[in-house]
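Structure record follows, encoded as structure tokens.
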Amino acid sequence: MDITAIIDSLNDAQRQAVSAPARAMLVLAGAGSGKTRVLVHRIAWLIKIEHIAPHNILAVTFTNKAAKEMRGRVEDLLNISARSMWIGTFHGLAHRFLRQHNEEAKLPSTFQVIDSDDQLRLIKRLMKSMQIDDKRWPAKQIVWFINAQKDEGRRAKDIPETQDLYLKVQLSIYRAYEELCARSGLVDFAELLLKAHETLRDNAELLAFYRDRFKQVHVDEFQDTNTIQYAWLRLLTDGQDNLFVVGDDDQSIYGWRGAKIENMFNFQKHYPNHQLIRLEQNYRSTGNILKASNALIACNEGRMGKELHTDSGEGDLISLYAAFNEQDEAYFVVERIRQWVAEGHSRADVAILYRSNAQSRQFEEKLMATGTPYRVYGGLRFFDRLEIKNALAYLYLMAHKDNDAAFERIINTPTRGVGAKTLETIRELAKRDNLTLWAAMVELIRTEHFSPRASNALKSFAVLINKLIKASEGLELYEQVKLVVEDSGLLAFHKKEKGDKGEARAENLEELVNAARQFEYDAESAEGASELDVFLAHAALESGDAQGDEFEDCVQLMTLHSAKGLEFPMVFMVGLEEGLFPSQQSVDDPGRLEEERRLCYVGMTRAMRLLYMSYAESRRLYGKENYPRPSRFLKEIPAEQLQEIRVRANVTKPVATVKPKMGTVALGSSGRYKLGQRVRHVKFGEGVVLQVDGEGTQERVQINFASAGMKWLMLSYAKLEVL
DNA sequence: TTGTTCCAGCTTTTT
DNA sequence: GCTGGAACAA
């Protein structure tokens, strides 16, 4: 292969990054500027031009999807197998590393990865046994605390003792949780990273080996790394200047879960020989969309600085729609989509983006009513589903009878007459004699501790598990799964649940058998773990893409967060209202407000050709009617890039006649009454301005009065007092 | 063991 | 105002 295939298709900045002699590199890659492309081509360059062996290359991403895509694209470009290359998520790679070096990491070879759901259950149980009131210390907050500590690289012993009762209790649970996990060989997500870091740090030989092995380390979405992830990267590359990172400070939207945007600044300090390259040419959006996005993000302070530009034309203006209420907003959006589809476009090219999941319902209802296929992203993933977790728990327990979490999950699922009392007795004995729950149960059966009824229930459970173990010997993985699903009674149990729910669950169980059949066991990278174990770890680490009709032409609904990295010809950003977006919890904190602004920037830059933004003048939220002001972000977009769309609203039945108007955000001509303005009327009392219409003496306002309800008033007659 | 009722909580999400 | 979980009664 010659050099041209690798760099010909690139622009100057991209080419510079790909072929740079420098090993420490910070690529500031704007939205739609070909970020993944640079990474893929850089790796290809190293392999083909600099003759670095694939297995000397490490590339880290955040999601399995991104990892898969990168591997695929490298393979396509070079027409080689990239199997020996370490490409994966931080968690996936840490897991692989710990499997391989479980002794150095002081982990049992059978250690198991638990997901956040298991973690929460575990902590709830632990707190109960410690007799800590979960009203005062909600388990969720404890989990949050522990994970936040781990993300910062702190063990319980690293946190100084305090007098603060609140911290004290949290700390004591953290300590107990660490012990429990160590004893039962459980590793949560944050632990994977922390443990991998510690093992590498405290093991000179291991560290030297990997530092030598990875000639070049690449990181995607660098702005999303947290403290421990960056620390791990530094261990591998410090002093060697071989860290190549790609990121965009303007798209950092995960600060709330520990991502440190500062890592981008720290990188510049820690790798003084680095080269900085900006990718500012955008290949996605039209000029107007970019101008608007640039102006919006410019309102943030402390940016690394970057301005996107494009060669494609100006394109359409951004359309702004002021909806009467959330119903009207949904109606407008769905009507627009129908027009779009009627013009022969595809539904899959349209995305509706919202700030919070709860907003999806309005749109779903309207889409459903018009028979428009749609797909909602987010929500429960395949391996997170209750019935799937139940089935997996059977498999866990069969393979590892000491797995207490699995035991608890299925001891009475399907119900077999083991009540809370019985379980409590088992727990007590287990705790007293330091036994696993399984062993405690066996002991209690043996000593005939229980009433015949409870005893029989337990016996039938023990027999079932043992029978399943026997029967699954020598079977293929998918046959084992099939056996468990059917013979555990789970399938029958879920099938008889009423409604569609039961049916869906039964289907999912069958799908699990399918997933097992399609699962590819790679004995080489399994580091000695059995196929079942690898499958179970896979289920924890890779929650499975949201299921759905991938092949049907569907409108896409998702949160702004999950839209990152995607692009659509037509985008609707909805609910641009103060208190919703930016969210109420963010408005008082400048840092968090900036993150909201970045989120808005992410949303806008998803749009290729058409961008619609909308807000509702009235919105029902938590059962109360709200009259929010339009989002401040709308005011930060230059008026020249906006066109307002007003549907002549007849409250009962909006008719879609469009009257574009340049550069205004729904203000009356006098400018005296803003939407959401509180006013007082002599007769009707207090109310809120919802709409302003007409000009001069004809100017009238629609007001929602607290006591008198909705009224249209002529301004020249009504005596209104601005509050 | 199951069904009912009451009550808090209510951004964003990956692994 | 809706939902999920926990507490309680049958």
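In what follows, chains carry the letters A, B, and so on, assigned in the order in which the sequence lines appear, proteins first and then strands, with residues in each chain numbered from 1. In this text the structure is predicted, and so the values were computed from the model without any measurement.
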Give [X] one of three labels, base, sugar-phosphate or nothing, depending on what nucleic acid heavy atoms sit under 4.0 Å from its own.
{"X": "A:Val418", "result": "sugar-phosphate"}
{"X": "A:Asn412", "result": "sugar-phosphate"}
{"X": "A:Lys124", "result": "sugar-phosphate"}

[X] bridged to [Y] by N-O distance under 4.0 Å:
{"X": "A:Asp224", "Y": "A:Arg257", "value": "no"}
{"X": "A:Glu408", "Y": "A:Arg121", "value": "no"}
{"X": "A:Asp248", "Y": "A:Lys35", "value": "no"}
{"X": "A:Glu577", "Y": "A:Arg629", "value": "no"}
{"X": "A:Arg620", "Y": "A:Glu326", "value": "no"}
{"X": "A:Arg598", "Y": "A:Glu595", "value": "yes"}

Next on the checklist: Please report the distance separating the C1' of C:dA6 from the corresponding atom of B:dT11, rounded so that it comes out in whole Å.
Outcome noted: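 Pairwise C1' distance, C:dA6 against B:dT11, rounds to 24 Å.
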
Next on the checklist: Taking the P atom in each of C:dT3 and B:dT12, what is the distance between them to the nearest angstrom?
Outcome noted: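 Each nucleotide's P atom is 15 Å from the other's.
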
Checklist entry - chain A on DNA chain C: first and last contacting nucleotide, 5' to 3', under 4.0 Å to a heavy atom? => result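 Using the under 4.0 Å cut-off, the span is C:dG1 to C:dA6.
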
Next on the checklist: Do A:Ile411 and A:Met441 have side chains that approach each other closer than 4.5 Å (heavy atoms only, starting at C-beta)?
Outcome noted: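 With C-beta onward as the side chain, the pair touches.
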
Checklist entry - What distance do A:Ile146 atom CD1 and A:Asp151 atom CG have between them, rounded to the nearest 0.5 Å? => result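 Atom-to-atom, A:Ile146:CD1 and A:Asp151:CG are 12.0 Å apart.
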
Checklist entry - For every nucleotide of nucleotides 9-15 of chain B, 5' to 3': is a protein heavy atom under 4.0 Å from its base (B), only from its sugar-phosphate (S), or from neither (-)? => result -BBBBBB

Next on the checklist: Please classify B:dT12 as syn or anti, treating any glycosidic angle within 90° of 0 as syn.
Outcome noted: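 Judged by the O4'-C1' to base torsion, B:dT12 sits in anti, the angle falling more than 90° away from 0.
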
